[in-house]
Amino acid sequence: MGTDLQEVYDAFFIKVPTVDFFGKESQVFQFFKSAISKCYRHTYDKLDYVCDEYTYEGYFKNIISNSSIELISMFMVKEYLVQKFSLLTTRKQYLGTQAFNKIPSNKEEYDLTENSLKYWTDEISRFLMEFPDYSDER
């Protein structure tokens, strides 16, 4: 048995401490699946995993590196922010920019989410520079 999926989940939760994901295990797992698909070409670790579809607990079939855990969790944060930003953008389009901006909480949340998304995109780009170049010869 390899690395427990909980290690990835914990690395993700540390990056978004203000968000309560209690009862949203399936949503976190969707972030995980999306992140895994984006990490395959950046790491030499085999990212095959086994997961219980009801509890979302499981493990990777192999032991994966801390760098891979970090990369997966960073992509999970980005997926969370993309989803949140999409909802806010939809709300902004529905209300109209002027009406949306008149509601202080909406504008603050939109700006914070947009800046966070840019930050994590940059962080992922910087982190990926540490990984070896992808090669079909793996």
Side-chain angles (χ1 to χ4, degrees):
M1 187 163 81
T3 304
D4 195 336
L5 295 183
Q6 189 63 45
E7 290 187 41
V8 176
Y9 297 152
D10 290 343
F12 167 68
F13 294 140
I14 287 171
K15 290 173 181 57
V16 286
T18 59
V19 182
D20 183 14
F21 286 103
F22 184 75
K24 299 179 181 177
E25 292 83 6
S26 63
Q27 184 181 29
V28 172
F29 186 66
Q30 293 304 317
F31 297 148
F32 172 77
K33 287 191 324 185
S34 180
I36 287 288
S37 68
K38 293 178 175 140
C39 292
Y40 269 110
R41 58 177 274 210
H42 298 293
T43 179
Y44 284 109
D45 293 330
K46 295 199 181 269
L47 300 178
D48 299 328
Y49 61 91
V50 174
C51 186
D52 182 324
E53 62 185 63
Y54 298 106
T55 63
Y56 303 105
E57 295 176 1
Y59 57 90
F60 288 96
K61 291 182 179 178
N62 299 299
I63 294 176
I64 63 170
S65 67
N66 288 334
S67 295
S68 294
I69 291 171
E70 186 66 15
L71 183 64
I72 295 166
S73 68
M74 290 170 88
F75 272 114
M76 287 175 71
V77 171
K78 185 175 178 184
E79 288 302 311
Y80 162 72
L81 290 170
V82 164
Q83 183 183 55
K84 185 175 178 180
F85 189 69
S86 176
L87 291 171
L88 289 168
T89 302
T90 302
R91 186 182 311 158
K92 186 176 183 177
Q93 290 173 345
Y94 178 76
L95 294 174
T97 301
Q98 288 181 341
F100 182 86
N101 289 341
K102 287 182 181 178
I103 304 170
S105 61
N106 280 350
K107 177 143 177 51
E108 290 171 13
E109 186 177 12
Y110 182 86
D111 291 341
L112 179 64
T113 303
E114 184 178 36
N115 290 333
S116 296
L117 188 55
K118 288 177 185 176
Y119 170 80
W120 281 106
T121 300
D122 292 344
E123 282 297 303
I124 290 170
S125 295
R126 279 193 284 277
F127 194 69
L128 285 175
M129 287 183 210
E130 298 176 15
F131 281 82
D133 290 336
Y134 175 70
S135 168
D136 288 331
E137 298 173 5
R138 290 195 222 186

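Note: hydrogens, waters and symmetry copies are ignored here, and every other heavy atom, side chains too, is used.
By the side chain to side chain donor-acceptor pair (under 3.5 Å) test, Glu70 pairs with Lys15, sequence neighbours left out. When the side chain to side chain donor-acceptor pair (under 3.5 Å) test is applied to Gln83, the partners found at least two apart in sequence or on another chain are Gln27. Among residues two or more places apart in sequence or in another chain, the side chain to side chain donor-acceptor pair (under 3.5 Å) test is passed with Thr3 by none. For Lys118, the side chain to side chain donor-acceptor pair (under 3.5 Å) test picks out no residue, with sequence neighbours left out.
Here the closest heavy-atom approach between residue Gly58 and residue Asp4 is recorded as O-OD1, 2.8 Å. Between Val28 and Phe13 the shortest heavy-atom distance is CG2-CE2, 4.1 Å. Scanning both residues, Leu95 and Ile103, for their nearest heavy atoms gives CD1-CD1, 4.3 Å.
Taken to the nearest 0.5 Å, the CG atom of Asp10 stands 8.0 Å off from the CD atom of Glu7. Here the CZ-NZ distance, from Phe75 to Lys38, works out to 7.0 Å after rounding to the nearest 0.5 Å. Atom CD1 in Ile72 sits 12.0 Å away from atom CE in Met74 (nearest 0.5 Å). Rounding to the nearest 0.5 angstrom, the gap separating the OG atom in Ser34 from the OH atom in Tyr80 is 15.5 Å. The CE atom of Met76 sits 12.0 Å away from atom NZ of Lys33, with the distance rounded to the nearest 0.5 Å. Taking OG from Ser37 and CG from Leu47, the interatomic distance works out to 10.5 Å, rounded to the nearest 0.5 Å.
The hydrophobic cluster containing Tyr119 also contains Phe85, counting ILVMFWY residues as joined when their side-chain heavy atoms lie under 4.5 angstrom apart, directly or transitively. Hydrophobic clustering, with ILVMFWY side chains joined whenever heavy atoms are under 4.5 angstrom apart, keeps Ile36 apart from Ile63. Ile14 and Leu71 fall into different hydrophobic clusters, defined by Ile, Leu, Val, Met, Phe, Trp and Tyr side-chain heavy atoms under 4.5 Å apart, directly or through other members. There is a path of hydrophobic side-chain contacts, each under 4.5 Å, that joins Leu117 to Val19. There is a path of hydrophobic side-chain contacts, each under 4.5 Å, that joins Tyr40 to Ile124.
Aromatic pair Tyr49/Phe32: centroids less than 6.0 angstrom apart.
Here Val50 sits in one hydrophobic cluster together with Met1, Tyr59; the rule is ILVMFWY side chains under 4.5 Å apart, joined directly or through other members. Its side chain outside the 4.5 Å cluster rule for every partner, Tyr54 clusters with none of the Ile, Leu, Val, Met, Phe, Trp and Tyr residues.
Counting heavy-atom neighbours within 6.0 Å of Lys46 NZ, excluding the residue itself, gives a total of 12 or less. Atom CG of Leu87 has more than 12 neighbouring heavy atoms from other residues, nucleotides or ligands inside a 6.0 Å radius.
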Apply the test side chain to side chain contact (heavy atoms under 4.5 Å, CB included) to residues Asp45 and Phe60: give CA-CA distance (whole Å), side-chain angles for both, the deciding distance (0.1 Å), then the verdict.
CA-CA 10 Å; Asp45 293 330; Phe60 288 96; over 6 Å; no

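Classification of the Phe12-Phe21 ring pair by plane angle, with boundaries at 30° and 60°, yields tilted.
Residues Asn106 and Tyr110 have side chains not in contact (no heavy-atom distance under 4.5 Å, counting atoms from C-beta outward). Using a 4.5 Å heavy-atom threshold, the side chains of Asn62 and Asp48 count as separate. Residues Glu57 and Leu5 have side chains not in contact (no heavy-atom distance under 4.5 Å, counting atoms from C-beta outward).
Using a cutoff of 4.0 Å between basic side-chain nitrogens and carboxylate oxygens, Glu109 and Lys84 are scored as salt-bridged. A salt bridge is defined here as a Lys NZ or Arg NE, NH1 or NH2 lying under 4.0 Å from an Asp or Glu carboxylate O, and Arg126 with Asp122 fails to meet this definition.
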